[in-house]
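In what follows, residues are counted from 1 in the order of the sequence shown.
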Amino acid sequence: MPSIFSSLGIGVSGLSAAQIQISTTGNNITNADSDYYTRQRVVQSASPAMNYVPGGVGTGTQVDTIVRIHDEFTYARLKVANNKFEDSAYKQQILEQASKYFPDLQDSSIGRDIGNYFKAWNNFASNPNEGSQKVNLINFAQSLSSGIKNTSNNLRALQEQIDGHLSINVNEINNMAREIASINKEIQRVESGKDAGIAINANDLRDRRDRLELAIAKLVDATSFKSDLRSNPPVDTGITDQGKYYTLNIGGMSIVDGVNYHPLKVLPNAAGTGFSSVYYELRDGKLISMEDKINGGKLGAALDLRGRHYNELEKKFEDGDVQKYIDHLDTFAKTIITSTNNIYAGSAMNLGTTDPLKYLQKDKTLMNFSGDIKQGSFDVVVYNNLGAEIARKTISLNGTTTMDDTSFGNSIVSDFNSDSDDNADNDNTNDVNDYFFAGYYYDNLTNQGTFSVTPRHTEGQYTIAFEDNGTNFPGVVGINRFFDGDDAHNMRVADEIVEDHTKLNAYSNPTSGNREIANKMVQLQHDNIQFYSINGRAYDKLDTIEGYYRFITTDLASDTQSNNITHDTNTALLNTANAEFESISGVDVNEELTNLIRFQSSYGAAAKIITTVDKMLDTLLSLKQ
């Protein structure tokens, strides 16, 4: 039969259980405002009964364990929502910053400079001999080229800024991964035993690990694998993590493996350009590139914006949104330079020398050197000092044409210097090659070549011009230049013209009233020009100069708007995921206060059992006396 002391034990068990309930509830209340704190619940059950005749007699209550109310699937959705939110938020920040470099969306800057530039050409065409008009044109041309260059430099600086964020984000990931590995070790230690028969759950440690895992998810798409997921329907229907073993992977690479962690590394890329690459180091020291494996979060967004694949030959990224805008601007600038110089090459000059042409070997076909060069022909025209045409030679260009190699086809130099009867007068002493000589020199050490046309007679007696018929060759090589450079980064008005404005010409040949070149420049603003991608990424597009620039700004605005829509969606999804997570794991203060009152009553009731037993003992002792 049960003794009076067994009744006392029942009361004590009730006091102990109520005390744990009150402590746990108090902990929930005090952490109601703690980020991602998971509320806890005491799991309590009846102690094994003592079986006597006529039946079993209870022995009180027992606390089995303290569990966290957590659903792993809801938590996983929260991680995904945070990952997508941070991805679109970072892109929104960068795209809005890039948009500020194109203020012509409000009709200023480059868009305005384009109009002023062609207006200056029109004024110059009307007054080709006025020095003030020449200076005015040069100033507006410099304003246009400076605006394009400054915008390009700002985009490149933004790209470098993004690259700097990579190192910061990777360091943050490594620090958190190291802490997770340390927490895993502590979880294994805490949960390896029991306290007074109660299973110990390292609830607070798991909360800390989840908080760190969620923070990593904001930076990169990381996948965690936990060894033992299970549910406990009598307590809660959620799927919870009960195991001691844990791994965290990024792009299939194990960053955390139980109590061990393997950091990512950020190293300068092989080209030595100042940009960084992200690697994973295997145990044998071999480095695995992670740039195709990293997605989502701020780190994935940074790579999407900056670019993932660096082309050492081109000295630029082959992908990336910011790189796309740089490429668009380079294509824009290059086409203006080529088209302008192609027209300006038709202005008669005493001699001509190109800027260094990179990687244009003597035997390299011209159409392989530049996509801007097309099959067709151009005319070389010689004028005397009175401006009269005295010789004209047509040079054809096709897929086998080189600068100075006739092994498989014709070459520019050989065709120019050929002893042909250009004037069809059976006189071999008055042809183009009798007045000028063409040469091409290529330096294998610097991988640069120079094309030049020099007079055979006293300088100043004759002038020469290149009239193109669709090849773009004179503009691509820059035999007579209004603009120097080959992209937005180095575009500028030719040094010779800036230093001496009198060398700026409106004529095709030096005769009074000739303004043919200036008129062609004015018409250029209305012509549809073929814009060829500078490296295959920007779109090939037939458009006017202003039209293509509007395409660049529209493309940026479209990308920004599209990302803003995505970000709005991601924000809504994050709010929903947060609400779902809080509804399961968050602390409801009103509910906890109600529980606190209930557990306080339980504590009082258990105390009442003990006082009742105490009186029973007093009565029993008084009877014996």
Side-chain angles (χ1 to χ4, degrees), residues 9-48 58-75 180 182-214 226-246 581-607:
I10 290 173
V12 170
S13 69
L15 277 178
S16 178
Q19 182 177 341
I20 294 174
Q21 292 275 22
I22 291 171
S23 296
T24 302
T25 303
N27 190 54
N28 288 340
I29 293 172
T30 56
N31 283 285
D33 294 327
S34 298
D35 291 336
Y36 302 109
Y37 169 79
T38 303
R39 64 190 174 99
Q40 300 177 15
R41 180 183 296 173
V42 177
V43 179
Q44 185 177 338
S45 63
S47 299
T59 59
T61 188
Q62 64 182 18
V63 173
D64 297 326
T65 188
I66 300 174
V67 298
R68 55 204 288 263
I69 306 303
H70 174 83
D71 180 47
E72 195 66 26
F73 289 164
T74 302
Y75 172 67
I180 287 176
S182 177
I183 290 173
N184 288 339
K185 184 177 182 180
E186 190 66 12
I187 289 175
Q188 291 186 19
R189 185 190 67 79
V190 170
E191 296 185 347
S192 61
K194 294 185 176 182
D195 183 11
I198 301 175
I200 302 174
N201 291 325
N203 294 326
D204 292 335
L205 289 173
R206 290 181 185 275
D207 279 351
R208 281 178 56 198
R209 187 174 69 182
D210 282 353
R211 186 166 61 251
L212 291 169
E213 191 179 318
L214 190 62
K226 299 169 184 178
S227 61
D228 190 6
L229 296 179
R230 67 178 77 166
S231 64
N232 188 359
V235 179
D236 184 70
T237 58
I239 306 298
T240 59
D241 165 32
Q242 299 291 327
K244 300 181 181 69
Y245 302 103
Y246 172 100
F581 177 81
E582 287 297 321
S583 69
I584 295 174
S585 299
V587 176
D588 184 338
V589 176
N590 293 327
E591 179 185 355
E592 297 300 329
L593 288 174
T594 301
N595 289 337
L596 188 62
I597 294 172
R598 181 161 59 91
F599 298 142
Q600 182 184 9
S601 297
S602 296
Y603 189 89

In a table with atom names and distances, give each donor-acceptor pair under 3.5 Å that connects a side chain of residues 16-24 to protein atoms at least two apart or in another chain.
residue	atom	partner	partner atom	Å
Q21	NE2	Q44	OE1	3.0
S23	OG	Q19	O	3.0
T24	OG1	I20	O	2.9

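Scanning for salt bridge (Lys or Arg N to Asp or Glu O under 4.0 Å) contacts around E582 gives an empty result, with sequence neighbours left out. Applying the side-chain contact (heavy atoms from CB on, under 4.5 Å) criterion to A32, with sequence neighbours excluded, gives V587, V589. Shown here are the side chain to side chain donor-acceptor pair (under 3.5 Å) partners of R211, two or more places apart in sequence or in another chain: there are none. Taking the side chain to side chain donor-acceptor pair (under 3.5 Å) definition, one finds that D204 meets it with Q40, sequence neighbours left out. Taking A606 as the reference, L15 meet the side-chain contact (heavy atoms from CB on, under 4.5 Å) condition, with sequence neighbours excluded. Contacts of S585 classified as side-chain contact (heavy atoms from CB on, under 4.5 Å), with partners at least two apart in sequence or in another chain: T38, H70, F581. Under the side chain to side chain donor-acceptor pair (under 3.5 Å) criterion, Q62 pairs with S45, D64, sequence neighbours left out. E592 meets the side chain to side chain donor-acceptor pair (under 3.5 Å) test with N28; sequence neighbours excluded. Applying the side-chain contact (heavy atoms from CB on, under 4.5 Å) criterion to S601, with sequence neighbours excluded, gives no partner residue.
Between the side chain of R68 and the backbone N or O of A202, no donor-acceptor pair lies under 3.5 Å. When atom types are taken as modelled, the side chain of Y246 and the backbone of I180 share no donor-acceptor pair closer than 3.5 angstrom. The backbone N or O of Y37 sits nowhere less than 3.5 Å from a side-chain atom of D207 that would complete a donor-acceptor pair.
In this structure, the separation between CD on E591 and CD1 on I29 is 10.5 Å, given to the nearest 0.5 Å.
Ion pairing of R208 with E186 is absent here, as no side-chain N (NZ or NE/NH1/NH2) approaches a carboxylate O to less than 4.0 Å.
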